[in-house]
Amino acid sequence: MPEIMPEIMPEIMLYIVATPIGNLDDISFRAIATLKKVDIILAEDTRHSKKLLTHYSISTKCRAFYEHNERQAVDGIIAELKSGKSVALISDAGTPLISDPGFILVREAKKSGIPVSPIPGANAAISALCASGIASDAFSFFGFLPSKQTARVKAISAILSIDETAIFYESPKRILATSQDLLQILGAERIVCFAKELSKSFETIKTDILPNLINYLQADPAHQKGEFVILIAADKNKKVAGEKQLSKILPILLAEMGAAKAAKIAAKITKIDKKTCYKNAIKL
Ligand code: SAM
């Protein structure tokens, strides 16, 4: 159950504050209150964040904290936190640390015994997943695909072996090339979702087979513009084949051994998780 938290703001705290991924209204009351109260806001691009901060009349001192200065900046920030200051980390969009800087800072803050508190909010991957129509019960997030084709093909090939929804971020510059690589590796049947410009005027969420998605991208240069999340459904055929195999081998194994051992062996053969194999075994 969500609860309204009392206004407790300990002096020493590193807040990880989510900001909108497009629509400026997608920010929580608590995020705004926190950004107003802290001593320092660390922002990936201070000029970019100024728009949001001005919009919400937040006048807290804002300092640059980006990928290339994170390592050097961390010690100084930890020292400031230790001296009693409260700090909020924001990124250009969405949740900090998710394909954005902040991991080193959080890790070092925790090592130094500084409390870290998340202020939850927008995230492109989760927003896309919710509206994709692709299975949301199990998923893996891979951040950005490599920009070089050889590395990208290798990364896409690796997802052939996962049995859950795969989520990537992609740049408009590479969306078409990546889609063509996806088609080549995953085939023309795989269901994929392109979630583009979420929460913005040209929000588009298309879930379809890859040839149709490529046709959409090629139909109009504007279709390749904007920010993209790509979601790839798990291979249904592989799952069905695994389930068929499981239903064949389980009775044979159960004739020779108990359910736990049979499930363990069946999981190794079918690559279906042990728990599912066990559930099926005890039903027989
Ligand atoms: N920290 C952010 C988050 O929580 O989602 C992600 C930052 S990452 C540097 C930026 C990438 O996220 C974009 O290139 C795009 O792939 C994805 N993204 C961000 N905003 C988006 C939006 N409004 N619609 C679709 N994708 C978006």
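Start at 1 and go down the list; that is how both ligands and their atoms are numbered.
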**Asked** Is the distance between the ring centroids of Tyr169 and Phe141 less than 6.0 Å?
**Response** yes
**Prompt:** What distance separates Ile167 CD1 from Leu129 CG, expressed to the nearest 0.5 Å?
**Reply:** 4.5 Å
**Message:** Side chains of Thr270 and Gln245 only: does a donor on one sit below 3.5 Å from an acceptor on the other?
**Reply:** no
**Ring-face cation contact, Tyr216 with Lys206, 6.0 Å cut, 45° max** = yes
**Fill in**
So CG of Leu213 and CZ of Arg190: to nearest 0.5 Å the spacing works out to 13.5 Å
**Prompt:** When rounded to the nearest 0.5 angstrom, what distance separates CD in Gln218 from CG in Asn215?
**Reply:** 6.5 Å
Under 3.5 Å, N/O to N/O: give me all the pairs between ligand 1 and the protein, one per line with atom names and distance.
residue	atom	partner	partner atom	Å
ligand 1	1 (N)	Ala93	O	3.1
ligand 1	1 (N)	Thr95	O	3.0
ligand 1	1 (N)	Ile98	O	2.9
ligand 1	1 (N)	Asp100	OD2	2.8
ligand 1	4 (O)	Thr95	N	2.8
ligand 1	4 (O)	Asn123	ND2	2.8
ligand 1	5 (O)	Asn123	ND2	3.2
ligand 1	5 (O)	Ala124	N	2.8
ligand 1	5 (O)	Tyr169	OH	2.7
ligand 1	16 (O)	Glu170	N	3.4
ligand 1	16 (O)	Phe228	O	2.6
ligand 1	20 (N)	Glu227	OE1	3.3
ligand 1	23 (N)	Ile21	O	2.9
ligand 1	23 (N)	Leu198	N	3.3
ligand 1	23 (N)	Leu198	O	2.9
ligand 1	24 (N)	Glu197	N	3.4
ligand 1	24 (N)	Leu198	N	2.8

